[in-house]
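Input: a single structure, listed below in structure tokens.
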Amino acid sequence: MAAVEVEGLVKKFKATTALAGVDLAVPEGTVLGLLGPNGAGKTTVVRILSTLLRADSGTARIFGKDVIAHPNDVRSMIGLTGQYAAVDEYLTGQENLEMIGRLYHLTRSDARQRATTLLERFDLADAADRIAKTYSGGMRRRLDIAASLIARPRVLFLDEPTTGLDPRSRIGMWEFIGSLVAEGTTILLTTQYLEEADRLADGIVVIDHGKVIARGTSDQLKSQVGGHRLEFTVSDAADLPILRERVAPLAVDDPVVDEQARSLSVPVRGGAEVLRDALRRLDDSGVTLVDVGLRRPDLDDVFLILTGHASETSPGGASSGGASSGGASSDGASDGGAPVATGRHALKGADQ
Amino acid sequence: MTTLAQAVGDGAVITKRNLLKIKRVPELLVFATLSPIMFVLLFAFIFGSAIPLPGVDYKEFLMAGIFTQTVVFGSTITGASLAEDLQKGLIDRFRSLPMARSAVLVGRTNADIGNNIVTMFVMAVTGLLVGWRIRTSVLDALAAFGLLLLFAYAISWLMALVGLSVNSPEVVQNASFIIIFPLTFIANTFVPTDNFPPALKAFADWNPVSSVTLAARELFGNTSPALPPPDVWPAQHPVVYSLIWIVGILVIFVPLSVRKYESVAGR
């Protein structure tokens with residue numbers, strides 16, 4: 001039995017159709033990333049699953065319990081973190097968590113203990129006795145997520161959990177989500193950050209206009225969109241024709257030349273071996289390379305191709321590739337996907 | 001745990017939460033009590049100097065009216081707080097918890113009772129300082145305060161529905177102002193109604209604010225045999241008529257508000 005099962009979910013708000021028949025399943029102990037642009041219906045799915053909203057038709061079950069027939073059973077199994085930090089500003093961090101714990105019907109001492117543990121875990125122990133009004137945005141966000149975890153939910157819904165967090169807090173949040181999964185929590189996560197879904201999610205469902213337009217693992221989605229590309233940046237644009245000629249035999253489709261950026265992008269088939277082959281072909285060409293890389297399509301590309309528009313938050317998604325100025329070296333370690341980092345990844349890293 | 005015990009427990013958790021807010025933002029209570037003090041002083045000395053009443057000092061006549069008006073205004077806190085909770089996403093959070101559906105509203109309206117007790121105490125002290133006297137027994141006075149609290153509690157449930165139905169706390173404040181002011185002025189709160197134009201007099205006669213005020217006034221012993229005797233049923237039986245209204249409002253608005261809460265969506 002899947003932890004979360006959704007079938008044929010339809011929801012209309014007056015004239016607009018928020019969901020037009022969504023199916024998805026989240027196996028126990030995994031993370032499902034629900035991706036989509038603003039207004040795609042991500043939050044509507046979360047609200048239906050967390051019993052806040054009734055679907056017009058279709059079913060939603062948490063560990064076999066229907067959200068409409070057995071709402072209270074569902075509520076005791078789930079934790080919800082919405083898009084806004086839902087904390088009581090006039091209570092301290094400790095009081096906020098204890099209150100939520102009591103409302104999950106933990107005993108007084110359990111609630112207190114859990115609150116203390118979670119405040120420590122979320123780096124809020126020093127602020128435990130301050131009222132939440134004095135917290136920064138990031139601290140409220142963390143308190144909000146701590147609140148959703150107070151009763152050790154089996155299923156956690158995170159609606160854009162890192163929106164509004166600074167880069168360091170975001171990485172902290174990712175590590176934390178990873179540790180929850182390691183403890184067996186099932187997570188459904190909505191996000192606009194493709195990098196986030198790529199990093200955290202076992203399965204990804206892409207929705208747009210209330211419909212699922214793609215599903216699978218991150219790798220499956222990427223291969224659905226296309227193969228690898230070899231990307232070169234040269235120091236002198238005059239070298240581009242030679243470069244193009246030398247690597248032409250490897251191309252499976254037309255290469256793209258960008259004189260402005262002194263770069264060449266070649267669609268290829270195969271993995272790292274192609275890169276070695278390409279470099280061999282350039283051995284005695286006299287071409288000076290500034291950057292070279294083998295790039296797999298990332299979720300930005302997936303998104304762009306599937307929805308016809310770039311993800312709003314991705315700085316590199318729709319750009320013409322005019323800024324491959326970074327070195328080839330630095331961010332290879334942070335990029336789990338491509339064997340060799342490229343200028344574009346370096347740019348992304350710098351912007352986020 | 002039985003469902004009822006659970007509902008009571010959940011309601012208590014939310015009541016505590018709302019009362020903690022009074023502790024954390026004492027300014028709220030300070031201003032909530034300053035305005036009734038101001039009302040007592042202004043009406044007692046400004047109107048009191050111009051409104052002669054046969055057989056009873058205006059300050060005494062006035063107090064029951066000000067009590068009623070103040071506790072009715074006090075119940076708007078429920079509406080404004082719920083609208084605020086809704087706006088901040090707290091209602092969404094509560095609705096996703098396995099807690100009783102009534103708890104948020106029960107906890108909120110309970111806290112209003114706490115607020116009103118404090119406010120009435122401050123007003124009573126101010127009143128006593130400027131010459132108000134309870135001329136009956138302690139029990140009668142307690143019955144008067146009890147009736148005022150009950151009436152305010154019923155209005156709190158009405159305000160709960162308002163708070164869950166609007167977009168922002170400011171709307172509740174403004175909307176309640178334009179409803180509550182006429183309701184508490186077209187009544188016997190501040191002046192006898194005998195010289196009102198006929199339409200206003202009829203409204204005042206059947207206005208529950210009048211009957212609650214009259215009931216409290218009689219229970220405090222602040223009436224006079226020299227005032228014209230009541231000529232309509234509500235004025236002849238102010239306690240019964242008030243209780244009918246209180247029960248009626250609760251019977252209608254408790255279920256309506258809880259139902260609204262069950263389906264309400266945050267921003």
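FYI, side chains are in, hydrogens and waters are out, and symmetry mates aren't considered; it's all heavy atoms of this structure. So you know, we letter chains A, B, ... as the sequences are listed, proteins then strands, and number each from 1. Keep in mind that this is a model prediction, so the values were computed, not measured.
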Would you say that [X] contacts [Y] through its side chain, given a criterion of any heavy-atom pair below 4.5 Å between the two side chains?
{"X": "A/H105", "Y": "B/D10", "result": "yes"}
{"X": "B/F94", "Y": "A/M99", "result": "yes"}
{"X": "A/E89", "Y": "B/K88", "result": "yes"}
{"X": "A/R47", "Y": "B/D92", "result": "yes"}

Nearest 0.5 angstrom please: A/L80 CG to B/L97 CG, how far? 8.5 Å

Rounded to the nearest 0.5 Å, what's the gap from CG on A/L91 to CG on B/N18? Could you check?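 Going from the CG atom of A/L91 to the CG atom of B/N18 covers 9.0 Å.
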
Looking at every non-hydrogen atom in both residues, tell me the closest pair between B/G89 and A/A86 and how far apart they are.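 Distance-wise, the nearest heavy atoms are O-CB, 3.3 Å.
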
Please classify the contact between [X] and chain B as side chain, backbone, both or neither, with a heavy-atom cut-off of under 4.5 Å.
{"X": "A/Q83", "value": "neither"}
{"X": "A/E95", "value": "side chain"}
{"X": "A/D144", "value": "both"}
{"X": "A/V87", "value": "backbone"}
{"X": "A/L103", "value": "both"}

State whether the side chain of [X] and the backbone N or O of [Y] hold a donor-acceptor pair below 3.5 Å, judged by distance alone.
{"X": "B/R95", "Y": "A/L52", "value": "yes"}
{"X": "B/R93", "Y": "A/A85", "value": "no"}
{"X": "B/R24", "Y": "A/Y90", "value": "yes"}

Under 4.5 Å from any heavy atom of chain A, what part of B/I14 do you find: side chain, backbone, both or neither?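 Only the side chain of B/I14 comes within 4.5 Å of chain A.
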
Counting only non-hydrogen atoms closer than 4.5 Å, does B/E262 touch chain A with its backbone (N, CA, C, O), its side chain (CB onward), both, or neither? neither

Can you tell me if [atom1] on [X] sees more than 12 non-hydrogen neighbours from other groups inside 6.0 Å?
{"X": "A/R54", "atom1": "CZ", "answer": "no"}
{"X": "A/K211", "atom1": "NZ", "answer": "no"}
{"X": "B/R101", "atom1": "CZ", "answer": "yes"}
{"X": "B/F121", "atom1": "CZ", "answer": "no"}
{"X": "A/R121", "atom1": "CZ", "answer": "yes"}

